[in-house]
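All values reported here derive from a predicted model rather than from experimental measurement. These numbers come from the heavy atoms of this one structure, side chains and all, not from hydrogens, waters or symmetry mates. Residue numbers begin at 1 in each chain, while the letters A, B, ... track the order of the sequences.
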Amino acid sequence: MQASSTSPAEQTFSLGLKEGISVALGYFPAAVTFGFLAQTTGLTSLEAVMMSLLVFTGAAQFMALSLLSIGTGALEIIFTTFILNIRHFLMSASLNEKAERDHPLKKAGYAFGLTDEVFAVTSTKEGTVTTSYIYGVFLISYASWVMNTGVGYAIGGFLPETIQQSMTFALYALFIALLAPSLKKHRKVFFLAAVAAVLNSLFSLFMQEGWSIILATLLSACAIEYMEPTKKQPS
Amino acid sequence: MSTEMFLLIIGMAIATYITRMPGLVFFNGVNVSPRLEGILKNVPYAALGALIFPGALFIHDNMLFGIVGIVSAFIISFLGGSLIVVVLGSIAILTLLSFTPFFG
């Protein structure tokens, strides 16, 4: 099955659910870890699940736990959440170029679910991506994130450590699986990913993760765009 | 739940949503220049590069762990594995190797 070559008519809600399973699976270890750490940080189970339910952003939720544990105030945590998520401004504007035109309220609905992983799965589809498909990917990933936060709160410490450790690689495997097929087809994709990877490795030495990713992505996307002699897009 | 924790969660929810919504709602129907469109279409692939590196190298004390994971995932993908096969396959390889002294 080639995940990225379906026509808009085939991009149904259930295809979204199906292709979102890889994100849901990747969220399992992350959400379980979050639930477990939330418990050890002293959050109640209601607080942990509510954070996953309302915020739905991996990195910032982990950051919130570590800041809470050292007694940081709420305003600073909220501001750091914003900084860590600034890259989503860019991602949502990028997905908008590929997304089916639809009522702003429907788009405002799935905008809530635009994590790095949901963005990566939906935005690497070829051609237009439908609203139903995006909702499918979003909802199965969201369900996994919220439920497994609860699971982690209850049982997190009991999973074998070897499996916990290997599963931390799941989300990276997902990103690679999304990148590889386009890498084979378009040389430009290789340069885009490689330049951003090198820049992010440099910037992350002296910058916060959120800023580093957005700056590396933006610089690579612009540099490759301006270097391209002809204006042909790998649509 | 304490009021402060409740307000913190609401604040984090708003801080996250306001980064995800404007691009999709306020750009709706706006005509962007071909140049900007080209840049925005480049973003997913550049973002994937930045999301994988260097993060994947540092998830284990031993950098070999990330390297083996990255190589496995690329090989399985290039052999035509679907998303789920790549994810499960590379986790399986890392788990098996973890039972050997490979990662020290």
Taking every heavy-atom pair that is under 4.5 Å apart, which of B/Val85, B/Val87, B/Val25, B/Leu36 has the most such pairs with chain A?
B/Val87
Between A/Ser166 and B/Ser98, what is the shortest heavy-atom contact and its length?
OG-OG, 4.3 Å
As an exercise, state the distance from CD1 of B/Ile59 to CD of A/Gln165, rounded to the nearest 0.5 Å.
6.5 Å
Is chain A contacted by the side chain of B/Thr16, its backbone, both, or neither, given a heavy-atom distance below 4.5 Å?
both
Identify which part of B/Ile70 has an atom lying under 4.5 Å from any heavy atom of chain A, answering side chain, backbone, both or neither.
both
Without swapping roles, check the side chain of A/Arg87 against the backbone of B/Thr19 for a donor-acceptor pair under 3.5 Å.
no
Report the distance from atom CD1 of A/Ile176 to atom CG of B/Leu51, rounding to the nearest 0.5 Å.
11.5 Å
Show the nearest heavy-atom pair for residues A/Ser123 and B/Pro44, with the distance to one decimal.
OG-CB, 3.4 Å
Does any heavy atom of chain A fall under 4.5 Å from the side chain of B/Tyr17, the backbone, both, or neither of them?
side chain
Heavy-atom proximity to chain B below 4.5 Å, by part of A/Leu105:
neither
Please rank B/Gly66, B/Ser77, B/Gly89 by heavy-atom pairs under 4.5 Å with chain A and give me the top one.
B/Ser77
Please identify, among A/Met91, A/Gln61, A/His103, A/Glu97, the residue contributing the most non-hydrogen atom pairs under 4.5 Å to chain B.
A/Glu97
B/Phe6 atom CZ, neighbour heavy-atom count above 12 within 6.0 Å:
no
Between CG of B/Leu24 and CG of A/Leu95, what distance do you get to the nearest 0.5 Å?
5.5 Å
Closest-packed option against chain B by number of heavy-atom pairs under 4.5 Å, given A/Phe191, A/Tyr110, A/Phe190
A/Tyr110
In terms of heavy-atom pairs under 4.5 Å with chain A, the winner among B/Ser2, B/Gly11, B/Ala92 is B/Gly11
Selection from B/Ile10, B/Leu88, B/Leu97, B/Ile84 maximising heavy-atom pairs under 4.5 Å formed with chain A
B/Ile84
Distance, nearest 0.5 Å, that separates OG of A/Ser204 from CZ of B/Phe53:
12.5 Å
Of all the heavy-atom pairs spanning B/Leu7 and A/Ile78, show the shortest one and how long it is.
O-CD1, 4.4 Å
CZ of B/Phe74 to CG of A/Leu179: how many Å apart, nearest 0.5 Å?
5.0 Å
What heavy-atom pair brings A/Phe89 and B/Pro22 nearest, and what distance separates the two atoms?
CE2-CG, 3.8 Å
Does any heavy atom of chain A fall under 4.5 Å from the side chain of B/Ile18, the backbone, both, or neither of them?
both
Side chain to side chain contact (heavy atoms under 4.5 Å, CB included) evaluation trace for A/Val189 with B/Leu48
CA-CA 10 Å; A/Val189 168; B/Leu48 283 172; over 6 Å; no
Sort A/Ala194 into side chain, backbone, both or neither according to what part of it lies under 4.5 angstrom from a heavy atom of chain B.
neither
Check each of A/Leu67, A/Thr81, A/Ile77 against B/Leu8 using the side chain to side chain contact (heavy atoms under 4.5 Å, CB included) test, and report the only one that passes.
A/Ile77
Nearest heavy-atom neighbours spanning A/Ala180 and B/Phe78:
O-CE2, 3.6 Å
When the 4.5 angstrom heavy-atom criterion is applied to B/Met5 and chain A, the contacting part is side chain
Among the options B/Ala73, B/Ala56, B/Ser90, B/Ser72, pick out the one with the most heavy-atom pairs lying under 4.5 Å from chain A.
B/Ala56
Counting heavy-atom pairs under 4.5 Å with chain B, the top scorer among A/Ala120, A/Cys222, A/Ser220 is A/Cys222
Give the minimum heavy-atom separation between B/Pro54 and A/Asn200, together with the two atoms involved.
CD-ND2, 3.4 Å
For the CG atom on A/Leu75, are there more than 12 heavy atoms of other groups (residues, nucleotides or ligands in this structure) within a distance under 6.0 Å?
no
Among A/Ser94, A/Ala170, A/Ser212, residue most engaged with chain B (heavy-atom pairs, under 4.5 Å)
A/Ser94
Looking at A/Phe169, A/Phe119, A/Phe82, which one has more heavy-atom pairs under 4.5 Å with chain B than the rest?
A/Phe169
Which one of A/Ile86, A/Thr44, A/Leu90 has the most heavy-atom pairs closer than 4.5 Å to chain B?
A/Leu90
Side-chain heavy-atom pair B/Met12, A/Thr57 within 4.5 angstrom cut-off
no
Checking A/Leu25 against chain B: side chain, backbone, both or neither under 4.5 Å from a heavy atom?
side chain
Between OG1 on residue A/Thr115 and CZ on residue B/Arg20, distance to nearest 0.5 Å:
6.0 Å
As a quick check of understanding, evaluate side chain to side chain contact (heavy atoms under 4.5 Å, CB included) for A/Leu183 and B/Tyr45, giving each step before the final call.
CA-CA 9 Å; A/Leu183 213 54; B/Tyr45 303 107; over 6 Å; no
